[in-house]
Asker: 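Below are the structure tokens for one structure; questions will follow.
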Amino acid sequence: MAEKRKKNSDRRRPGADYVETVDAPDPVGRLSVKKTWKLYIGGAFVRSESGRYLQTADKQDNYARASRKDVRDAVKAAVAAQPGWAGRTAYNRGQILYRLAEVLEGRRDELIASLTLGGASDAAAEVDATIDRAVSYAGWTDKVHALLGTHNPVSGPHFGFSIPEPVGVVACVAPDRPALLGLVGAICPIIATGNTLVVLASELDPRTALVLAESLATSDVPGGVVNILTGSRDELAEHMAKHQGVRALDLWNIDGEAAKQLELLATENVKRVTRRLQPAEAWYDADECTSLTWLSSFLEIKTVWHPMGA
Amino acid sequence: MAIKLVEDGPETQSTHQRRRGERRLDFGTAWEYAPAPERPDHVRLRDRYGLFINGRWVSPESGKFFKTINPATEEPIAEIAEGSEADVERAVAAARQAYESVWSKMRPLERGKYVYRIARAIQERARELAVVESMDGGKPIKESRDFDVPTTAAHFFYNAGWADKLSYAFPGRAVRPLGVAGQIIPWNFPLLMAAWKIAPALACGNTVVLKPAETTPLTALLLAEIIREAELPPGVVNIVTGAGATGAALVNHPDVDKIAFTGSTAVGKLIQRALAGTGKRMTMELGGKAANIVFADAPLDQAVEGIINGIFFNQGHVCCAGSRLLVEEGIHDVLVAKLRDRMATLRVGDPLDKNTDIGAINSREQLERIEQLVQVGEDEGAERYTAPCPLPEKGFFFSPTIFTGVAQSHAIAREEIFGPVLSVLTFRTESEAVERANNTFYGLSAGIWSNKGARLFKLATQLEAGVVWANTYNKFDPSSAFGGYKESGFGREGGRHGLLPYLVVE
């Protein structure tokens with residue numbers, strides 16, 4: 001695939017290694033159509049409002065380099081989609097996540113090709129684990145209440161109960177590797193319970209995140225529930241951490257001074273910050289990565305008191 | 001427009017509770033319906049079904065078959081194998097083998113993925129399943145289409161998701177499957193009851209032998225087809241059709257680790273007796289005589305809908321049917337008048353007609369039992385009102401009926417009729433309502449209708465019933481436990497609690 005693309009390429013991109021000569025095209029051959037990889041915001045594929053772009057490491061594709069304004073647009077879309085998403089029944093959200101797994105299975109070859117091009121070591125295993133991850137979270141949507149909700153035997157004539165509710169809009173900085181499994185593994189615990197999110201994709205393989213975006217767009221996940229940005233982590237993470245519409249921040253593999261700066265910015269509106277350092281192979285530990293604690297990071301608990309008497 | 005607004009004059013005073021001059025909508029005979037039958041031409045049924053054992057269709061050892069009929073036409077639909085002790089033996093052996101060699105060793109998520117496949121296939125074949133359910137059992141197509149089949153899929157879907165999360169269900173304890181579960185299900189919700197039984201059993205890692213009811217085996221056999229198409233390992237689900245003797249063979253089989261039974265309290269007691277001392281686990285979901293309690297402050301029109309649904313849903317063949325209406329004395333006459341008006345709009349007839357509210361009684365035997373208990377009700381002095389619905393000439397049908405002036409001592413207030421027959425009793429105080437509601441051997445469900453939240457929650461804690469519906473009735477969800485107190489059985493199905501009967505908590 002890579003071979004063919006190169007051969008048929010007739011464009012020179014700024015920033016690419018300068019190529020003196022281009023292979024002469026086969027006069028009776030067919031020229032492949034190249035795709036413009038765009039951001040996924042509010043269910044639509046959009047170029048960065050900044051007009052900037054970056055090139056994939058394999059130099060096969062250009063992709064949009066999101067700006068601060070794109071972050072804001074994405075949060076706006078996530079905010080707009082959140083009540084509707086949370087308002088669906090847990091069963092329906094479960095079916096939609098399962099549908100995502102079905103769609104991913106259908107795009108298995110495309111995902112493997114993209115991951116391979118993006119430098120994944122075992123793309124097939126990663127895609128399989130990713131699909132299974134979505135299936136596992138499909139089963140979580142309607143079960144967190146049974147495990148985190150309580151009836152409270154209060155002293156007095158009241159019927160009390162505490163129930164989990166989504167925190168709202170979450171901003172997530174996904175891990176670089178595994179580019180797909182890490183992304184889906186980070187997205188699922190956030191959206192399963194009714195949150196919506198803005199996620200900044202792997203810098204090492206942003207294209208696969210956009211193949212995922214196409215899977216999301218053709219699954220039943222409503223537009224705006226998952227918004228995927230590509231671009232520079234150093235540039236964008238702070239805007240995600242600062243945004244007042246964001247209620248929780250989910251940071252992967254960010255450490256040291258950078259982590260401290262983001263956590264400081266998060267204090268502005270008391271964001272809940274989850275920050276984990278996880279080596280790539282740890283994402284294959286399904287038990288750990290589908291843990292209830294991963295879901296509860298993005299939940300509030302609401303306690304209700306109701307009188308019980310005449 | 002055919003609906004008339006009428007003012008009651010002396011000529012309509014037969015409905016004696018109605019206040020003079022009160023206006024109401026008269027639906028009587030004025031509202032004509034064109035037939036709207038669901039066409040069964042897309043349904044592919046075989047003439048004869050064998051037993052589903054070890055992933056294959058096999059003939060019964062005895063060579064005997066019986067007919068399953070359409071209770072709305074009394075015509076045979078298909079021939080069904082009569083499973084004998086030897087067949088049960090084969091099925092249990094297949095289930096044991098599948099348990100030991102595959103199912104208990106499979107990664108939990110993979111197990112769940114098989115169950116998801118079943119859920120999806122049920123959704124894909126929803127219409128076919130709904131039509132067959134209505135043909136074989138007599139329930140209205142609008143119920144099989146909008147309730148039975150979607151809820152069946154939901155149960156598989158819900159339980160599939162537990163497969164890889166069982167360690168959360170009982171925190172701090174390790175869990176493991178039981179082994180082989182024997183499951184016996186009733187004829188009132190044939191496919192749904194199969195789902196309630198099979199879905200949690202499989203998700204928890206057990207294999208099963210299921211015996212459907214004698215009069216309604218077809219959808220369970222279609223489910224066997226689905227299970228085959230979903231490529232479940234052979235022997236994980238086995239379906240052995242037959243009557244009481246087949247069920248008894250399953251109950252008495254020494255290599256079955258657990259019996260799950262849904263059916264009458266009488267048979268439940270027999271099974272509990274048979275299993276006494278064996279150490280086998282069991283769950284029992286048995287009969288009911290639910291109180292549906294209406295307070296004077298209730299939203300009456302909503303209550304009327306809930307009462308109608310509570311007793312006439314599925315021809316009243318519902319273990320949790322609200323068959324005892326307890327009405328606060330002051331609103332008795334008004335409520336009964338409203339109920340009669342509403343009953344006059346119910347359409348009894350062809351289960352496959354999309355307008356039908358009340359379909360066919362499941363069997364001649366059940367129809368006779370209903371007729372007999374209704375006769376006892378009249379003989380004991382309660383006042384009978386039967387809605388003036390025309391009934392089809394063929395098939396087993398019974399018009400919706402209510403009894404007023406029922407005393408606690410009457411048979412129709414104590415015994416489960418399992419038909420479209422409501423007994424109305426009254427109460428004066430809240431504590432009397434609770435006392436009357438609890439004055440039964442049963443304890444499956446209850447309904448409360450009141451505008452006062454504080455009262456709803458108080459009564460909910462005082463009623464001896466496994467399910468309490470407040471200002472609603474007959475609500476079911478895979479995420480919610482269902483099951484009885486007292487002689488309505490033990491164990492729960494649905495929700496986190498529904499897993500426990502299929503697990504050993506170590």
Side-chain angles (χ1 to χ4, degrees), chain A residues 89-102 105 128-129 131-154 156-161 163 188 192 284-296 304-310, chain B residues 107-117 119-120 123-124 150-151 153-171 203 295 297 429-431 434 450 452-462 468 470 477-481 492 494-500:
Chain A
T89 64
Y91 174 45
N92 188 233
R93 281 199 305 273
Q95 291 197 94
I96 289 172
L97 282 183
Y98 187 79
R99 180 71 181 159
L100 175 62
E102 290 179 339
E105 187 85 51
D128 288 346
I131 297 166
D132 286 357
R133 196 62 41 95
V135 171
S136 187
Y137 276 103
W140 261 133
T141 60
D142 52 6
K143 297 179 183 69
V144 288
H145 294 75
L147 301 174
L148 296 175
T150 57
H151 167 247
N152 310 324
V154 294
H158 285 88
F159 190 92
F161 51 98
I163 48 172
C188 283
Y284 289 87
D285 180 348
D287 284 343
E288 173 57 28
C289 296
T290 60
S291 151
L292 181 62
T293 55
W294 284 35
L295 293 138
S296 61
V304 182
W305 293 69
H306 194 292
M308 184 168 64
Chain B
R107 283 197 300 129
L109 181 68
E110 296 300 303
R111 223 164 54 211
K113 282 159 73 181
Y114 277 106
V115 182
Y116 276 121
R117 276 192 179 190
R120 287 309 233 195
Q123 290 177 321
E124 287 162 18
T151 315
H155 268 271
F156 278 106
F157 202 92
Y158 176 82
N159 281 286
W162 271 119
D164 61 333
K165 301 174 185 71
L166 295 174
S167 60
Y168 292 97
F170 304 96
F295 286 94
D297 65 4
T429 65
E430 201 177 275
S431 59
V434 172
S450 168
K452 283 190 189 141
R455 170 184 268 164
L456 296 173
F457 277 104
K458 182 184 174 194
L459 257 68
T461 61
Q462 292 178 344
V468 177
D477 193 280
S479 67
S480 299
R492 291 293 178 270
R496 181 162 67 92
H497 306 90
L499 304 170
L500 186 58

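Letters A, B, ... mirror the listed sequences (proteins, then strands); counts begin at 1.
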Asker: Find the one option among Asp287(A), Val135(A), Asp132(A) whose heavy-atom pairs under 4.5 Å with chain B are most numerous.
Answerer: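 With the most close heavy-atom pairs to chain B, the winner is Asp132(A).
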Asker: Atom OH of Tyr168(B) and atom CG of Leu147(A): how far apart are they, to the nearest 0.5 Å?
Answerer: 9.0 Å
Asker: Donor-acceptor pair, Tyr116(B) side chain versus Gly139(A) backbone, under 3.5 Å?
Answerer: yes
Asker: Taking the inter-plane angle between the rings of His306(A) and Phe457(B) on a 0 to 90° scale, is it parallel (under 30°), tilted (30 to 60°) or perpendicular (over 60°)?
Answerer: tilted
Asker: Is it the backbone or the side chain of Thr461(B) that comes under 4.5 Å from a heavy atom of chain A, or both, or neither?
Answerer: side chain
Asker: Heavy-atom distance under 4.5 Å to chain A: side chain of Ala154(B), backbone, both or neither?
Answerer: both
Asker: Measure Glu102(A) against the heavy atoms of chain B and call it side chain, backbone, both or neither at under 4.5 Å.
Answerer: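 For Glu102(A), the contact with chain B is made by the side chain alone.
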Asker: Please look at Arg99(A) and chain B and tell me whether the side chain, the backbone, both or neither of the residue comes under 4.5 angstrom of a heavy atom of that chain.
Answerer: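 Both parts, backbone and side chain.
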Asker: Checking Asp164(B) against Ser136(A): is there a side-chain donor and acceptor pair closer than 3.5 Å?
Answerer: yes
Asker: Measure across Gln123(B) and Gln95(A) and return the closest heavy-atom pair with its distance rounded to 0.1 Å.
Answerer: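 So the two residues come closest at NE2-OE1, 2.6 Å.
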Asker: Could you look at Ala169(B) and say if it's the side chain, the backbone, both or neither that has a heavy atom under 4.5 Å from chain A?
Answerer: backbone
Asker: What part of Ser291(A) gets within 4.5 angstrom of chain B, counting heavy atoms only: side chain, backbone, both, or neither?
Answerer: both
Asker: Pair Lys165(B), Thr290(A) - check side chain to side chain contact (heavy atoms under 4.5 Å, CB included), show working.
Answerer: CA-CA 9 Å; Lys165(B) 301 174 185 71; Thr290(A) 60; 5.9 Å; no
Asker: Find the distance between NZ (Lys143(A)) and CH2 (Trp162(B)) and round it off to the nearest 0.5 Å.
Answerer: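 Reported to 0.5 Å precision, the distance equals 6.5 Å.
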